[in-house]
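A, B, ... follow the sequence lines: proteins, then strands. Residue 1 opens every chain.
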There are 2 protein chains.
Amino acid sequence: MPGQAPPTVTGYALLGLLSLRGEMSGYGLKKLADRTLRFFWVAPAMSHVYSELTRLSRAGLVTESLTQRGGRRLRRYSLSAAGDLELRRWLGEGEVDFPILKHEVALRLFLGHVTGPDRPRHLLARYRGQLRARSEELEAIRRSLEDDPRFRYAAMVAEWGIRYYLEEQQAVAHISNQLDPDRGPT
Amino acid sequence: MPGQAPPTVTGYALLGLLSLRGEMSGYGLKKLADRTLRFFWVAPAMSHVYSELTRLSRAGLVTESLTQRGGRRLRRYSLSAAGDLELRRWLGEGEVDFPILKHEVALRLFLGHVTGPDRPRHLLARYRGQLRARSEELEAIRRSLEDDPRFRYAAMVAEWGIRYYLEEQQAVAHISNQLDPDRGPT
DNA sequence: TGTAGCATGTAAGCCGTTACATGATTGA
DNA sequence: TCAATCATGTAACGGCTTACATGCTACA
């Protein structure tokens, strides 16, 4: 069977979540992704999780177990031996892209010459609030990860994120100062 | 003419570049994007720039001027009055998404329980080198922006980026320490 | 009794990519 | 004269999204 396309990065990320938690439903996987992957990769849409899981299953990297509970069919996925191997292979292998940032706030600051300083100033203020909210969210998650050695690496990534959000708040404060009306540009 | 889809964010970004620099070729726009947008939005593929420009042109937001120079046709684009208006409208309007980060290094650290600490440690070291290179690149760009009030906002974004790369280097150092063999996890 | 959460999917389409194709100009 | 850079596109396709469709279960 030639032309089996390798999984996408998101596919591997899902394999990784399964390796962390064991058997899960697509729905559960989505919720877990929202608590983890979302902060440094993507928050995949529900439908995307399902289609990705279908592909992984066809490739033999996850196994499905279909159960009936009441009137509801429940499909649980877990990492197959082949999936575990393939995940390890991918993790050990070469090319890792430099991170990509899609930062609309920065884009709008960049275009400040069109709007004048008021608009970026306002957006920066809002962004700061969002950063605070995100910080708290992520800190709650990090606390929930504490003291379980299995989640040690997850906790490190969470701390990295918290640190980033903090620094970002300071950067925003600094820029807002520069945009201050007193010392302000046109 | 109903059903004219509004430009994408990247479309607006290109309008913004035109507003900053005036008349440019698709090729020139791509090069400019690589020195600016790349750091906080995307580095659009050459072909993407052209197709986006075609759409903007059809929507009347940019005007084309086709000239012949030797055996080569040169198509230059500039912001139309409608484009300028639409750009201002968009910049002034609501919803700005929270930044999205696609961070493969973080993903691989997150999955450290699969590989053990050596692999993330190695990737982190490489990442640090890339961060240094990027820092220098961006610092050169920022210097090229100095002392021109038109580029004031662009310079602020460049400084923001430099600051981010610096903080990221420190974070990486911190994490690498935690992964140190002496105090190391399994 | 109603609603929030659990649960599983299909269809259509957009944004952006890589691969392919072509050729002129500048300067070492 | 050769390579790098300038310059303009088309075709195919991939990853991910939104909108749509359906229905069970727990609990207030």
Side-chain angles (χ1 to χ4, degrees), chain A residues 3-15 23-35 37-38 41-59 62 64-77 95 97-98 100-102 104 107, chain B residues 3-15 23-35 37-38 41-59 62 64-77 95 97-98 100-102 104 107:
Chain A
Q4 264 281 38
T8 63
V9 176
T10 300
Y12 285 112
L14 293 180
L15 292 181
E23 200 176 49
M24 296 186 76
S25 69
Y27 186 90
L29 222 32
K30 157 68 174 163
K31 278 206 325 181
L32 182 55
D34 282 345
R35 300 183 70 239
L37 295 187
R38 173 161 68 102
W41 187 246
V42 265
M46 199 60 254
S47 66
H48 187 206
V49 172
Y50 283 116
S51 57
E52 202 66 57
L53 246 13
T54 303
R55 295 185 70 238
L56 293 171
S57 176
R58 274 206 259 271
V62 300
E64 301 177 19
S65 82
L66 190 58
T67 58
Q68 205 78 16
R69 233 174 83 84
R72 176 202 277 169
R73 87 210 124 117
L74 231 177
R75 202 185 292 272
R76 286 181 204 286
Y77 299 87
E95 293 323 287
D97 285 341
F98 193 84
I100 290 172
L101 195 55
K102 303 200 80 175
E104 287 202 35
L107 174 58
Chain B
Q4 265 281 38
T8 64
V9 176
T10 299
Y12 285 112
L14 293 180
L15 292 181
E23 199 176 49
M24 296 186 77
S25 69
Y27 185 89
L29 222 33
K30 157 67 175 164
K31 279 206 325 181
L32 182 55
D34 282 344
R35 300 183 70 241
L37 294 188
R38 174 162 66 103
W41 187 246
V42 265
M46 199 61 254
S47 65
H48 188 207
V49 172
Y50 283 117
S51 58
E52 202 66 58
L53 244 15
T54 304
R55 294 185 69 237
L56 292 170
S57 176
R58 272 206 259 273
V62 299
E64 300 177 20
S65 82
L66 191 56
T67 59
Q68 204 77 16
R69 235 174 80 85
R72 176 201 276 167
R73 87 210 123 116
L74 231 177
R75 203 185 291 274
R76 284 181 204 287
Y77 298 86
E95 291 324 287
D97 285 341
F98 192 84
I100 289 172
L101 195 55
K102 303 200 83 176
E104 287 201 34
L107 173 58

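Atom pair A:E64:CD and C:dA7:C1' shows a separation of 14 Å (rounding to whole Å applied). Distance OH (B:Y12) to P (C:dC15): 11 Å, rounded to an integer number of Å. Rounded to a whole Å, the CG atom of A:L74 is 17 Å from the P atom of D:dG23. Between B:R38 atom CZ and C:dG16 atom P the separation is 17 Å, expressed in whole Å. Regarding A:M46, its CE atom lies at a distance of 16 Å from the C1' atom of D:dA19, rounded to whole Å. A straight line from CG of B:D34 to C1' of C:dG16 spans 15 Å, rounded to a whole angstrom. Protein atom OH of B:Y27 is 12 Å distant from nucleotide atom C1' of C:dT26, rounded to whole Å. Rounding to whole angstrom units, CD of residue A:Q68 and P of C:dT8 are separated by 12 Å.
Remark: the backbone N or O of A:P44 is paired with a side-chain donor or acceptor of A:K30 at under 3.5 angstrom. Checked by atom type and distance alone, the side chain of A:S57 never pairs as donor or acceptor with a backbone atom of A:L53 at under 3.5 Å.
For the pair B:S25 and B:L74, the tightest heavy-atom approach, listed with the atom from each and the gap, is CB-CD2, 4.1 Å. Shown here for B:V49 and B:G26, the closest heavy-atom pair between the two residues is CG1-O, 3.6 Å. Heavy atoms only, all atoms of each residue included: B:L107 and A:V9 are closest at CD2-CG1, 3.6 Å.
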Subject >> Criterion side-chain hydrogen bond (donor to acceptor under 3.5 Å, both in side chains) on A:E23 and A:S65, from CA distance to verdict >> reply: CA-CA 9 Å; A:E23 200 176 49; A:S65 82; 3.1 Å; yes
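Contact annotation: B:R75 reaches the phosphate of D:dG9 (side-chain N/O to OP1 or OP2, under 4.0 Å). A sub-4.0 Å separation between OP1 or OP2 of D:dG9 and a side-chain N or O of B:Y50 is absent. An OP1 or OP2 oxygen of D:dG9 is reached within less than 4.0 angstrom by a side-chain nitrogen or oxygen of B:R73. At the phosphate of C:dC6, OP1 or OP2 sits under 4.0 Å from a side-chain N or O atom of A:K31. Side-chain nitrogen and oxygen atoms of A:K102 include at least one within less than 4.0 Å of the OP1 or OP2 phosphate oxygen of C:dG16. Taking 4.0 angstrom as the limit, A:T8 places none of its side-chain polar atoms (N or O) nearer than this to OP1 or OP2 of D:dG14.
Taking the side chain of A:A45 as heavy atoms from C-beta on, and the options C:dC15, D:dT18, C:dT17, the nearest nucleotide is D:dT18. If you check C:dG9, C:dC15, D:dC16 against the side chain of A:E52, the one that comes closest is D:dC16. Considering only side-chain atoms of A:S47, the nucleotide from C:dA11, C:dG16, C:dA7 that sits closest is C:dA11. For A:H48, taking side-chain heavy atoms from C-beta onward, the closest of the listed nucleotides D:dT18, C:dG16, D:dG15 is D:dG15.
Side chains of B:M24 and B:Y77 form no contact here, defined as non-hydrogen atoms less than 4.5 Å apart. Considering only heavy atoms from C-beta on, B:T8 comes within 4.5 Å of B:R55 through its side chain.
In this structure, A:K30 reaches neither bases nor backbone, as no heavy-atom distance under 4.0 Å exists between it and the strands shown. Residue B:T10 is in sugar-phosphate contact alone, with no base atom involved, counting any heavy-atom pair closer than 4.0 Å across all strands shown.
With DNA chain D read from its 5' end, the first of the two nearest nucleotides for A:R72 and B:S51 is the one closest to B:S51.
Two end axes, each from the C1' atoms of five base pairs, can be drawn for the helix from C:dT1-D:dA28 to C:dA28-D:dT1; they diverge by 40°, to 10 degrees.
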